Amino acid sequence: MKYGLLVTGAPYSSPAPHSALRFAHAVIGAGHTLTGVFFYQDGVHNASSLMSPPQDELNLREAWASLHRDHATTLDVCVAAALRRGVLDHAEAKRHGLTQHSLEAPFELTGLGQLLTLQKSCDRFITFA
């Protein structure tokens, strides 16, 4: 079975990202496919490379990146929600005349069309808010 996830909660202020990550590992462990994860609203903060949690806490950005590396799961970030919250990749930062960026691969800025594509490609689509 193919699964897709929508994460709308911010890291460290909402249990949603951590719950979604645990669910992702459970789905894969059960032999299913995790097609992709879409980060929306405050969930876009999960993609920020500027997060620096204490060493005794899970680094959620790194955990999501590891999921991508180990299982080729796409990690899409809503571009409109990200720009509003200051989460930009190099190209968007340059386009807006900014010198810094906080989003890097394997996360990718995409539009809501990608969310619809992900939903259509999955047997189950779960939201973590």
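Fair warning: this is a prediction, and the values are worked out from it, not measured in the lab. Numbers here simply count residues along the sequence, with the first being 1.
Judged by distance alone, the side chain of N46 and the main-chain N or O of G9 form a donor-acceptor pair under 3.5 Å. For S48 (side chain) and L50 (main-chain N/O), a donor-acceptor pair under 3.5 Å exists by modelled atom type. Side-chain atoms of D123 come within 3.5 Å of backbone atoms of K2 as a donor-acceptor pair (strictly under, hydrogens ignored).
L60 and P11 make their closest contact through CD1-CB, 3.6 Å (heavy atoms, listed as atom of the first residue, atom of the second, distance). Residues A63 and L58 come closest through the heavy atom pair CB-CD1, 4.0 Å. Nearest heavy atoms, R124 versus M1: CG-SD, 3.6 Å.
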Task: Pair L34-H25, side-chain contact (heavy atoms from CB on, under 4.5 Å): steps then yes or no - done: CA-CA 9 Å; L34 181 60; H25 286 293; over 6 Å; no

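The shortest distance between side-chain heavy atoms of Q100 and L98 does not fall below 4.5 Å. In this structure, H101 and K94 have side chains that are not in contact, with every pair of non-hydrogen atoms separated by 4.5 Å or more. Residues T73 and L5 fail the side-chain proximity criterion, which asks for heavy atoms closer than 4.5 Å. Looking at heavy atoms from C-beta onward, L83 lies in side-chain contact with L88 at the 4.5 angstrom threshold. Between R61 and S49 the shortest side-chain heavy-atom distance falls below 4.5 Å.
Residue F38 is not grouped with residue V77 when hydrophobic side chains (ILVMFWY) are merged at heavy-atom distances under 4.5 angstrom, including chains of intermediate members. F128 and F125 end up in different hydrophobic clusters when Ile, Leu, Val, Met, Phe, Trp and Tyr side chains are linked at under 4.5 Å. At a threshold of 4.5 Å between side-chain heavy atoms, the hydrophobic network of Ile, Leu, Val, Met, Phe, Trp and Tyr places L103 and F39 in one connected group. No continuous path of hydrophobic side-chain contacts links V79 to L6 [ILVMFWY only; heavy atoms under 4.5 Å].
Crowding of H90 atom NE2: a count of heavy atoms from other residues, nucleotides or ligands under 6.0 Å not exceeding 12. Within a 6.0 Å radius of OH in Y40, other residues, nucleotides and ligands contribute 12 heavy atoms or fewer.
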Ignoring hydrogens and angles, write down the donor-acceptor pairs under 3.5 Å from the side chains of residues 17-24, residues two or more places apart or on other chains.
residue: H18; atom: ND1; partner: R22; partner atom: NH1; Å: 2.6
residue: S19; atom: OG; partner: P15; partner atom: O; Å: 3.1

Side-chain donor-acceptor pairs of residues 110-122 under 3.5 Å, sequence neighbours excluded:
residue: T117; atom: OG1; partner: G113; partner atom: O; Å: 3.0
residue: S121; atom: OG; partner: T117; partner atom: O; Å: 3.4
residue: S121; atom: OG; partner: L118; partner atom: O; Å: 2.9

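Here the CZ-SG distance, from R85 to C78, works out to 8.5 Å after rounding to the nearest 0.5 Å. In this structure, OG in S14 is found 11.0 Å from CD in Q41, a value given to the nearest 0.5 Å.
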